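Just below is one structure, and these are the notes that go with it.
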2 protein chains.
Amino acid sequence: MKPMTIGRLSSAAKVKVTTIRYYESIGLMGTPDRSASGQRLYGGVDVERLSFVRHARELGFSMDAIKDLIGLQTEPDQDCSAVDTIAQKQLAEVQKRLAQLEALERELKRMIENCRGGKVGGCQVMAAINDHSECETDKHERLKPL
Amino acid sequence: MKPMTIGRLSSAAKVKVTTIRYYESIGLMGTPDRSASGQRLYGGVDVERLSFVRHARELGFSMDAIKDLIGLQTEPDQDCSAVDTIAQKQLAEVQKRLAQLEALERELKRMIENCRGGKVGGCQVMAAINDHSECETDKHERLKPL
DNA sequence: GATACAGTCTACAGCGACTGTAGAGGCAAG
DNA sequence: CTTGCCTCTACAGTCGCTGTAGACTGTATC
């Protein structure tokens, strides 16, 4: 197999060129070979590794978690429970976030349903945002962006 | 009512001092009065406004949306439908995000259930992250952080 | 060979929504 | 008057990238 440039790797793994260079800079992809003129050269292994990273990102894993997973991947004889632990932790985070969002959804729906039109001055949606008191999702922890 | 310092406003509205200054810098809170020595001075109105911002943030509204809402709040005679539209949009985003996360939850659960222990080399979780093919959440759009 | 154009290179700034730091000055209680 | 917290400004850092500028490289067409 002959090596490919960063652009080919990019379309093969569906990760942007700039992102690949970024991943290299944070040590997620090793330092690739270079052509005589200094262009990065990659092989099939890199496509796999980068696709792995992409899918893990799509599953919401943090960069740190992904680094750990890649580290484990290179030691296939270790016990699999470390991997399991990372995945479990990720699932727990997803479920926590789901619960938050479900509460949010209920609250937004309630706000909107109570709105019967009219002027902003008497708007129930505004009132709902103002009166945090009656609200089921009270004492939120800081909500991360959607 | 006598004015309060930023620290009092902070505890009254449950928004950090630094965050209040940040909100001021982006034009979310007007420029407050200052004491002779240059300390910011706030009144009850500011507590309300800041609490409104906090709750809107907790509901996941973007800063831009909040700016719009505050703008509307100061014109109580306008039609309420503008407020409704913003809330509807927010609800739609929450629901979209919920759907993504539910798909994620299913996939993570499936991965973890298939894991029967053993070595990393044969780990089904790893395999699942590698094989994006069989996965129901294929062609994700970029997932925002949890 | 000349030219055009896409691809690649480095280095750095910017995004959102804050948080943290440094170093200086202000204010009230004991 | 000292102690100890509060406030001030200004700027760097967070995360996971994305965008920009300006220069070089590689390939296809004439």
Side-chain angles (χ1 to χ4, degrees), chain A residues 2-29 31-42 46 50 53-70 90 93 97 140-146, chain B residues 2-29 31-42 46 50 53-70 90 93 97 140-146:
Chain A
K2 62 183 170 195
M4 61 185 99
T5 63
I6 198 168
R8 309 240 179 239
L9 175 61
S10 169
S11 36
K14 284 162 211 149
V15 173
K16 289 187 187 167
V17 169
T18 45
T19 305
I20 297 171
R21 285 197 279 250
Y22 169 69
Y23 285 169
E24 184 186 328
S25 80
I26 61 168
L28 214 58
M29 305 286 292
T31 53
D33 291 343
R34 300 280 187 143
S35 74
S37 61
Q39 300 198 347
R40 290 166 179 82
L41 297 175
Y42 300 94
D46 299 300
L50 192 51
V53 172
R54 176 173 56 82
H55 192 198
R57 288 293 302 140
E58 284 166 354
L59 289 166
F61 288 95
S62 71
M63 292 319 240
D64 276 356
I66 294 174
K67 270 185 199 170
D68 290 349
L69 287 172
I70 285 183
Q90 179 61 16
E93 298 242 336
R97 189 80 172 102
H140 302 270
E141 56 184 273
R142 278 271 302 104
L143 196 61
K144 285 165 208 144
L146 287 180
Chain B
K2 63 182 170 197
M4 62 185 99
T5 63
I6 198 169
R8 309 237 179 245
L9 174 61
S10 170
S11 36
K14 284 164 210 150
V15 174
K16 289 188 187 164
V17 169
T18 44
T19 305
I20 296 171
R21 286 196 279 250
Y22 169 69
Y23 285 169
E24 185 187 328
S25 81
I26 61 167
L28 212 58
M29 304 288 290
T31 53
D33 291 343
R34 299 281 187 145
S35 75
S37 61
Q39 299 196 347
R40 290 167 180 82
L41 296 175
Y42 300 95
D46 299 300
L50 193 49
V53 173
R54 176 172 54 82
H55 192 197
R57 288 293 300 140
E58 285 167 354
L59 288 167
F61 288 96
S62 71
M63 292 318 244
D64 276 355
I66 294 174
K67 270 184 198 169
D68 291 348
L69 287 172
I70 286 185
Q90 180 61 16
E93 297 242 338
R97 189 81 172 102
H140 302 270
E141 57 185 271
R142 281 268 305 106
L143 196 60
K144 284 164 209 145
L146 285 180

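Keep in mind it's a predicted model, so treat the numbers as computed, not measured. Every chain is numbered from 1, with letters handed out A, B, ... down the list of sequences.
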Heavy-atom pair of closest approach, residues A/Arg40 and A/Tyr42: CD-OH, 3.1 Å

Short side-chain N/O contact to D/dT9 OP1/OP2 from B/Arg40, under 4.0 Å: yes

Least distance between heavy atoms, A/Pro32 atom then A/Leu41 atom: CB-O, 3.8 Å

For atom CD1 of B/Ile26 and atom C1' of C/dA17, their distance in whole Å: 8 Å

Integer-rounded Å distance: D/dC8 P and B/Glu24 CD: 9 Å

Pairwise distance CG(A/Leu50) to CD(A/Glu24) - rounded to 0.5 angstrom: 11.5 Å

Side chain of A/Thr18 - closest among C/dG20, D/dG19, C/dA17: D/dG19

Least distance between heavy atoms, B/Asp46 atom then B/Met29 atom: O-CE, 3.9 Å

Under 4.0 angstrom between B/Arg21 side-chain N/O and C/dT19 OP1 or OP2: no

Exercise: identify the closest heavy-atom pair between B/Leu59 and B/Gln90: O-NE2, 3.1 Å

Using a cut-off of under 3.5 Å, enumerate the N/O to N/O pairs linking the protein to nucleotides 21-24 of chain D.
none

Value rounded to 0.5 Å, distance of OH in A/Tyr23 from CD1 in A/Ile70: 9.5 Å

Length of the CG-C1' vector between A/Leu9 and C/dC9, whole Å: 16 Å

Euclidean distance, atom CG of residue A/Asp64 to atom P of D/dT14 [Å, nearest integer]: 12 Å

Distance test, side-chain N/O of B/Thr5 to OP1/OP2 of D/dT7, below 4.0 Å: yes

Integer-rounded Å distance: C/dA17 C1' and B/Lys16 NZ: 12 Å

Nearest-Å distance for atom pair CD1/P, residues A/Ile66 and D/dC15: 14 Å

Bracket string, DNA chain D, 5' to 3' - pairs by Watson-Crick or G-U geometry under 3.5 Å, | interstrand: ||||||||||||||||||||||||||||||

What pairs of donor and acceptor atoms, side-chain ones from residues 8-17 of chain B against any protein atom, are under 3.5 angstrom apart with sequence neighbours left out?
residue, atom, partner, partner atom, Å
B/Ser10, OG, B/Val15, O, 2.7
B/Ser11, OG, B/Gly7, O, 3.1
B/Ser11, OG, B/Arg8, O, 3.3

Atom pair distance, as rounded to whole Å: NZ in A/Lys14 and P in D/dC17: 17 Å

Phosphate-side-chain proximity, A/Thr19 and D/dT18, N/O vs OP1/OP2 below 4.0 Å: yes

Under-4.0 Å side-chain N/O to phosphate OP1/OP2 contact, A/Arg34 with C/dT10: yes

Main-chain N/O of A/Gly27 paired to A/Lys67 side chain as donor or acceptor, under 3.5 Å: no

Considering all heavy atoms, the nearest A/Met63-A/Leu28 contact: CE-CD2, 3.8 Å

salt_bridge(A/Arg54, A/Glu58) N-O dist < 4.0 Å: yes

For atom OH of A/Tyr22 and atom P of C/dC15, their distance in whole Å: 17 Å

Contact under 4.0 Å: B/Tyr23 side-chain N or O vs C/dA17 OP1/OP2: no

